[in-house]
J.: 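Mind looking over this structure? Questions follow.
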Amino acid sequence: MSFSYYGPLCTKVYDITKPIGYSLGGDIEFYSHLLQHCNGRILEAMSGSGRMLIPLLEAGLKVDGVDYSEAMVQSCRSRCNERALPMPELFVADLVNLDLPYRYEAIIIPSGSLMLIQDRSSSIQVLQNLYDHLEPGGRLIFDLFLPDVTKPASMDISSVRLPEGDTITIEERTTEINLLHQYTTSLIRYEQWHQGTLVDTEMQELTLRWYGVEELRLILEKIGFTNVEVYADFNHGEVPTQSNQKFVYEATRKPSL
């Protein structure tokens with residue numbers, strides 16, 4: 001399986017550009033509202049450094065997190081400590097082989113993170129595993145988007161200033177746009193500079209796999225999900241009509257007979 005790995009430099013950039021509570025188009029408010037009546041455990045899959053998870057904890061919800069990146073999970077733990085929050089259950093795990101000790105009332109995957117699983121069969125296996133980790137009647141909720149593949153391949157350069165004064169430069173170059181197999185790949189180079197001296201470098205291959213709206217609905221139904229709803233831009237009941245909208249999926253594990 002090919003996961004886009006988030007290493008230490010990438011995590012530092014993420015922590016600054018997407019801090020705790022930073023809402024992407026209203027997603028934190030949306031998930032908070034949708035989950036507010038949950039009394040059982042909630043799992044955020046691909047939880048990162050806590051941008052979403054920590055506000056949900058602060059709202060009084062019981063939320064666990066799982067992520068492939070040790071650096072991201074460690075950052076989340078540190079941020080919980082900084083806020084004197086009770087430490088949530090945080091797991092470093094590959095979702096393709098997911099085997100957690102709990103079953104959940106709800107599982108969420110914000111930020112389009114499901115798209116980071118490049119291999120299609122692996123992403124379907126992940127959805128199956130998440131289904132198996134839901135309680136009967138539990139809900140899987142996640143959002144996706146469609147990359148703009150009409151733009152030509154490009155290179156973008158940016159920088160982030162760290163609190164201690166160092167700078168991380170980020171160079172992102174599109175390396176592949178595969179319309180047939182529905183993914184784009186970028187190569188990202190992170191460089192940390194201290195007083196003009198390069199002190200650390202990190203490379204990241206970032207692949208985003210996209211799905212047709214109805215394609216993914218059929219995948220979820222084949223796994224066994226029922227009551228699959230799709231709506232646009234975190235507006236419950238609004239049907240997607242534009243390719244530049246976010247697509248939110250809400251699906252339910254079959255209740256016990």
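What you are looking at is a predicted structure, and each value in this text was computed from that prediction instead of being measured.
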J.: List the residues meeting side-chain contact (heavy atoms from CB on, under 4.5 Å) with Q125, not counting sequence neighbours, and say none if there are none.
T.: V96, Q128, N129
J.: Answer yes or no: is there a side-chain heavy-atom contact under 4.5 Å between T167 and S159?
T.: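 With C-beta onward as the side chain, the pair touches.
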J.: Would you list the pairs meeting ring-ring contact (aromatic ring centres under 6.0 Å, His included) in which at least one residue belongs to residues 107-160, sequence neighbours left out?
T.: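 Counting only pairs at least two positions apart or across chains, the ring-ring contact (aromatic ring centres under 6.0 Å, His included) contacts touching residues 107-160 are Y131-F225, F142-Y249.
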J.: Once salt bridge (charged side-chain N to carboxylate O under 4.0 Å, His left out) is applied, what residue pairs with a partner in residues 72-87 remain, sequence neighbours excluded?
T.: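 Listed once each, the pairs are D15-R79, E58-R83.
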J.: Taking a hydrophobic cluster as the set of Ile, Leu, Val, Met, Phe, Trp and Tyr residues connected by side-chain heavy atoms closer than 4.5 Å, whether directly or through intermediates, do L95 and V73 fall within one such cluster?
T.: no
J.: Please tell me if the side chains of L127 and L114 come closer than 4.5 Å, counting only heavy atoms from C-beta onward.
T.: yes
J.: Looking at OG of S23 and CE of M52, how far apart are the two atoms once the value is rounded to the nearest 0.5 Å?
T.: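 CE of M52 is found 7.0 Å from OG of S23.
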J.: Show your working on side-chain contact (heavy atoms from CB on, under 4.5 Å) between L140 and L134 and close with a plain yes or no.
T.: CA-CA 8 Å; L140 173 66; L134 283 168; 4.2 Å; yes
J.: What pairs with T241 under side-chain hydrogen bond (donor to acceptor under 3.5 Å, both in side chains), at least two apart in sequence or on another chain?
T.: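 Once residues adjacent in sequence are excluded, T241 has no partner under the side-chain hydrogen bond (donor to acceptor under 3.5 Å, both in side chains) criterion.
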J.: Taking the side chain as every heavy atom from C-beta outward, state whether K18 and S111 have any pair of such atoms under 4.5 Å apart.
T.: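 No, side chains not in contact.
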J.: Tell me every residue that passes side-chain contact (heavy atoms from CB on, under 4.5 Å) with L146, counting only those two or more places apart in sequence or in another chain.
T.: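 Per chain and number, L146 pairs via side-chain contact (heavy atoms from CB on, under 4.5 Å) with W210, S243, F247.
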J.: Using only atom types and a distance under 3.5 Å, with no angle test, would you say the side chain of Q192 pairs donor to acceptor with the backbone of D166?
T.: no
J.: Please tell me whether L90 and Y68 are part of a single hydrophobic cluster in this structure, the criterion being side-chain heavy atoms less than 4.5 Å apart.
T.: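 Result: no, two separate clusters.
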J.: Under a 4.5 Å side-chain heavy-atom rule over Ile, Leu, Val, Met, Phe, Trp and Tyr, are M72 and I170 clustered together?
T.: yes
J.: Could you check if a side-chain atom of I188 sits within less than 4.5 angstrom of a side-chain atom of E202, using non-hydrogen atoms only?
T.: no
J.: Please check: side-chain N/O of S78 versus main-chain N/O of Q74, any donor-acceptor pairing under 3.5 Å?
T.: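 Present.
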J.: How many angstroms lie between CD1 in I124 and CG in L216, if you round to the nearest 0.5 Å?
T.: 9.0 Å
J.: Each residue besides L198 in its hydrophobic cluster should be listed here, by chain and number; the cluster joins Ile, Leu, Val, Met, Phe, Trp and Tyr at side-chain heavy-atom distances under 4.5 Å.
T.: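 Other cluster members: W193.
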J.: Where do C76 and G50 come nearest, in terms of heavy atoms and distance?
T.: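 It is SG-CA, 3.9 Å.
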J.: Which salt bridge (charged side-chain N to carboxylate O under 4.0 Å, His left out) pairs, counting each pair once, include a residue from residues 212-222, with sequence neighbours left out?
T.: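 Non-adjacent pairs meeting salt bridge (charged side-chain N to carboxylate O under 4.0 Å, His left out): R120-E215, E214-R217.
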J.: Would you please classify the geometry between the Y102 ring and the Y104 ring as parallel, tilted or perpendicular, with 30° and 60° separating the classes?
T.: perpendicular
J.: Please report the interatomic distance CD(Q36) to CG(L61), rounded to the nearest 0.5 Å.
T.: 9.0 Å
J.: Side chains of I16 and P163, heavy atoms from C-beta outward: is any pair under 4.5 Å?
T.: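 Contact flag for I16/P163 side chains = yes.
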J.: Among all residues two or more places apart in sequence or in another chain, which pass the side-chain contact (heavy atoms from CB on, under 4.5 Å) test with I157?
T.: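 Result, side-chain contact (heavy atoms from CB on, under 4.5 Å) vs I157: M155, E171.
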J.: What's the spacing between Q245 CD and D233 CG if we round to 0.5 Å?
T.: 4.5 Å
J.: side-chain contact (heavy atoms from CB on, under 4.5 Å) with V239: which residues, sequence neighbours excluded?
T.: none
J.: How far apart are the C-alpha atoms of V248 and I141, what are their side-chain angles, what is the distance that settles it, and do they pass the side-chain contact (heavy atoms from CB on, under 4.5 Å) test?
T.: CA-CA 7 Å; V248 180; I141 310 158; 4.3 Å; yes
J.: I need the minimum non-hydrogen distance between P110 and A45, along with the two atoms involved.
T.: CD-O, 4.4 Å
J.: Atom CG of D67 and atom CG of D94: how far apart are they, to the nearest 0.5 Å?
T.: 11.0 Å
J.: Restricting to pairs with a member in residues 239-254, which pass salt bridge (charged side-chain N to carboxylate O under 4.0 Å, His left out), not counting sequence neighbours?
T.: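 Counting only pairs at least two positions apart or across chains, the salt bridge (charged side-chain N to carboxylate O under 4.0 Å, His left out) contacts touching residues 239-254 are R139-E250.
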J.: Of all the heavy-atom pairs spanning R41 and K62, show the shortest one and how long it is.
T.: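 Smallest interatomic distance, heavy atoms only, reads NH1-CE, 3.2 Å.
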J.: Does anything in residues 71-95 form a ring-ring contact (aromatic ring centres under 6.0 Å, His included)? List the pairs, not counting sequence neighbours.
T.: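 Residue pairs with at least one partner in residues 71-95: there are none.
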J.: Could you report the tightest heavy-atom contact between I20 and S49, atom names first, then the distance?
T.: CD1-O, 3.7 Å
J.: Looking at H181, is its backbone amide N or carbonyl O close enough to the side chain of R209 to form a donor-acceptor pair, meaning the two atoms are under 3.5 Å apart?
T.: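 Looks like yes, one N/O pair under 3.5 Å.
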J.: Check whether any side-chain heavy atom of Y211 sits under 4.5 Å from a side-chain heavy atom of S123, and report yes or no.
T.: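 A side-chain contact under 4.5 Å exists here.
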J.: On a heavy-atom basis, which atom in T11 and which in S69 lie closest, and how many Å separate them?
T.: OG1-OG, 4.5 Å
J.: Scan for salt bridge (charged side-chain N to carboxylate O under 4.0 Å, His left out) pairs involving residues 179-196, sequence neighbours excluded, and state none if there are none.
T.: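 Passing the test, one end in residues 179-196: R189-E191.
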J.: To the nearest 0.5 Å, what is the distance between CG (L116) and CE (M46)?
T.: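 L116 CG to M46 CE: 4.5 Å, rounded to 0.5 Å.
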J.: Mark yes or no for whether Q118, through its side chain, and T207, through its backbone, hold a donor-acceptor pair below 3.5 Å.
T.: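 Side chain of Q118 to backbone of T207, a donor-acceptor pair under 3.5 Å: no, none is there.
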J.: For V66, does its backbone N or O pair with a side-chain atom of S47 as donor and acceptor, under 3.5 Å?
T.: yes
J.: So E89 and P101, do their side chains get closer than 4.5 Å, heavy atoms only?
T.: no
J.: Which heavy atom of L220 sits nearest to which heavy atom of A251, and what is that distance?
T.: CD1-CB, 4.5 Å
J.: Let me check something: do M115 and V149 share a hydrophobic cluster, defined by ILVMFWY side-chain heavy atoms less than 4.5 Å apart, either directly or through other members?
T.: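 Yes, because M115 and V149 connect within a single hydrophobic cluster, where side-chain heavy atoms sit under 4.5 Å apart.
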J.: Got D64 and L100 here, is their nearest side-chain heavy-atom distance under 4.5 Å?
T.: no
J.: Should we count NE2 of H236 as having more than 12 external heavy atoms under 6.0 Å?
T.: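 Yes, the 6.0 Å shell around NE2 holds more than 12 heavy atoms from other groups.
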J.: Please answer: with hydrophobic residues joined when any side-chain heavy atoms are less than 4.5 Å apart, are I109 and L34 in the same cluster?
T.: no
